[in-house]
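Read the numbers this way: they start at 1 and go in the same order the structure lists the ligands and their atoms.
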Amino acid sequence: MESTRLVADLTGAVPDFASDPYRLFGELRENGPVHRAKVLDGRECWLITGYEVAKAAFTDPRLSNDPQFLKAWDGLGRNVIGRTLMMTDPPDHTRLRKLVAREFTHRRVQSMRPRVQQLTDELLDTMLKGERADLVDAFAFPLPLSVICELLGVPDADRADFRLWSADLSAPATMAAGAAAEAAMTGYLSDLIGRKRLLGGEDLLSALVRTTDEDGDTLSHDELLGMAFLLLVGGHESTAHMIASGTLALLRHPAELAALRADFSLLDSAIEEVLRFDGPVEIAALRYTTEPVILAGTEIPAGEVVLIGLSPAARDHRQFPEPDRFDIRRGLRETRAHFAFGHGVHFCLGAPLARMEGSVALRTLLERCPRLALDTPESALEWNPPTFFMRGLKQLPVTW
Ligand code: HEM
């Protein structure tokens, strides 16, 4: 039996891990595809770093999304908001997903494009009145936040609080900070659901409150809460990080930027390359072993946490030739094999929306700012958080 050779330190203690996680992930991957890992508060789990093992793990029924199987960590990590798609296995997962999937089809998403374009134009009108701006604050965050809040019917006035809790939830500095944000968010969403139930409305959350499929199925309060949470948080933060890190990748690679400006038919493959090269979600949602499993020769007991590494897999040279090269001309077939949106039954429900927002945002930004440039030395850029899961730029100062 092969044993794991390195313990992956994902606690934030490794210098420069936030700005360049690929160095550590690469060292680990070249030592083997499965490792013991240390995360927040010193808890231990397992990390998959190889592409093929990650792909198999996504469809391995012995790796469950249901926290009832968690025995390690004294059950901590089990408390999340409501009952979400990401915490259920088929057939429950199939049932829940069916109730929302129709809202996120490619066709449905394309019908939102004019509104996304309008929001993009308005944000850029405001930003471009000045001479410089923080692109994260002025554009990359407000765009997807407005899109998903409008879709679900979150009032304008609540969005600032919402953004703060959301940041603390997906990238908590400590377990306690995550728990506080979780309590605030649960209270807020329960209240919002109550209001939708009472007042009704044309938005998606109101529709979900009323939802009944052809079999007469409805969502319980916990399921509604989970769904609202997942869509709102999943729906803006990762997309915001993608817009910011995509802009940065293009600015750092002038030949790629020039190629895109010269031929916007490369836009779709540029978005996929951004997702592969520097995708915002480093690690998939927690998986729990339902029984002892052997992954690539490493034995993992039952009840343990397994992290499927999306960023490490994206730089596996066995799958992607010259993986550390940012190349928007790789071709969709090659690039789309990335796991930035996961793989298997939990594949990101919002992928068509995220791709559409990314392409409207990047194209409009480049068209309106022919001289877009970084307004800070690259070495001064800071990334959030110092740990794992979701990763994005804190700020991206630009001029145009
Ligand atoms: C660039 C933007 C995005 C990225 C990189 C991303 C990434 C992911 C990943 C990696 C997963 C699968 C996690 C796993 O298997 O453990 C996922 C699932 C999910 N995402 Fe996204 N996401 C993005 C945007 C969105 C948007 C815009 C929405 C909502 C409108 C959304 C809603 C969801 C939902 C509901 C799931 C759970 C699906 C399920 O469990 O069946 N995501 N996302």
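Across the listed options R287, R355, H346, M356, R287 owns the non-hydrogen atom lying nearest to atom 16 (O) of ligand 1. For atom 5 (C) of ligand 1, the candidate residues are S245, A340, G279; the nearest heavy-atom contact is made by A340.
Remark: H106 pairs with Q110 by the side chain to side chain contact (heavy atoms under 4.5 Å, CB included) rule, at least two apart or across chains. Every residue was checked against the salt bridge (charged side-chain N to carboxylate O under 4.0 Å, His left out) condition with R287, not counting sequence neighbours, and none meets it.
If you look at L230 next to ligand 1, the close heavy atoms, those under 4.0 Å, all belong to the side chain. Neither the backbone nor the side chain of H343 has a heavy atom within less than 4.0 Å of ligand 1.
Relative to the ring axis of W383, R391 places its NZ or CZ within 45° and under 6.0 Å from the centre. A cation-pi arrangement is found for R363 relative to F264, the charged atom lying closer than 6.0 Å to the ring centre and inside a 45° cone about the ring normal.
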### Message
Let's go through L372 and T399 carefully: what are the C-alpha distance in whole Å and the side-chain angles of both, what is the deciding distance for side chain to side chain contact (heavy atoms under 4.5 Å, CB included) to 0.1 Å, and is it a yes or a no?
### Response
CA-CA 6 Å; L372 188 71; T399 53; over 6 Å; no

#### Entry: Step-by-step salt bridge (charged side-chain N to carboxylate O under 4.0 Å, His left out) determination, E52 to K55
CA-CA 5 Å; E52 278 306 322; K55 188 172 185 180; 5.4 Å; no

### Message
What verdict does the salt bridge (charged side-chain N to carboxylate O under 4.0 Å, His left out) test give for R329 and E256, after you've listed the backbone C-alpha separation in whole Å, the side-chain angles of each residue and the deciding distance to 0.1 Å?
### Response
CA-CA 8 Å; R329 283 159 287 189; E256 300 306 296; 2.9 Å; yes

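Of all atoms in ligand 1, numbered sequentially from 1 with element shown, those under 4.0 Å from a heavy atom of P280 are 5 (C). Set against the non-hydrogen atoms of L310, the atoms of ligand 1 under 4.0 Å away are 10 (C). Remark: ligand 1 atoms within the under-4.0 Å shell around heavy atoms of V345 are 41 (O). Interface of I148 with ligand 1, defined as ligand atoms under 4.0 Å from a residue heavy atom, comprises 30 (C). For ligand 1, the atoms sitting less than 4.0 Å from at least one non-hydrogen atom of A285 are 14 (C), 16 (O), numbered in the order shown with element in parentheses. Of all the atoms in ligand 1, the ones that sit under 4.0 Å from a non-hydrogen atom of R97 are 38 (C), 39 (C), 41 (O). Atoms of ligand 1 lying under 4.0 Å from at least one heavy atom of M242, given by number and element, are 1 (C). Contact atoms of ligand 1 toward A284: 14 (C), 16 (O) (distance under 4.0 Å to a heavy atom of the residue).
Each of F277, Y51, F320 was evaluated against R315; a single residue qualifies, F277, per the side-chain contact (heavy atoms from CB on, under 4.5 Å) test. Partner of E272 under the salt bridge (Lys or Arg N to Asp or Glu O under 4.0 Å) criterion, chosen from R355, R330, R333: R355.
Two residues are said to be in side-chain contact when any heavy atoms from C-beta on lie closer than 4.5 Å; P90 and R95 fail this criterion.
Not one N or O of E357 is nearer than 3.5 Å to an N or O of ligand 1, by distance alone.
Proximity of a side-chain donor or acceptor of E382 to a complementary backbone N or O of K394 within less than 3.5 Å is not detected.
In this structure, atom 30 (C) of ligand 1 lies nearest to the protein heavy atom F104 CE2, 3.3 Å. Of all protein heavy atoms, the one lying nearest to atom 13 (C) of ligand 1 is M86 SD, 3.6 Å.
Distances shorter than 4.0 angstrom do not occur between any heavy atom of H236 and any atom of ligand 1.
Grouped by direct or indirect side-chain proximity (heavy atoms under 4.5 Å, Ile/Leu/Val/Met/Phe/Trp/Tyr only), L198 sits with L199.
Salt bridge present: D125 and R368 bring a charged side-chain N and a carboxylate O closer than 4.0 Å. Salt bridge status for E304 with R36: present, with a side-chain N to carboxylate O gap under 4.0 Å.
Inside a sphere of radius 2.8 Å centred on atom 21 (Fe) of ligand 1, the protein N/O/S atoms present are C348 SG.
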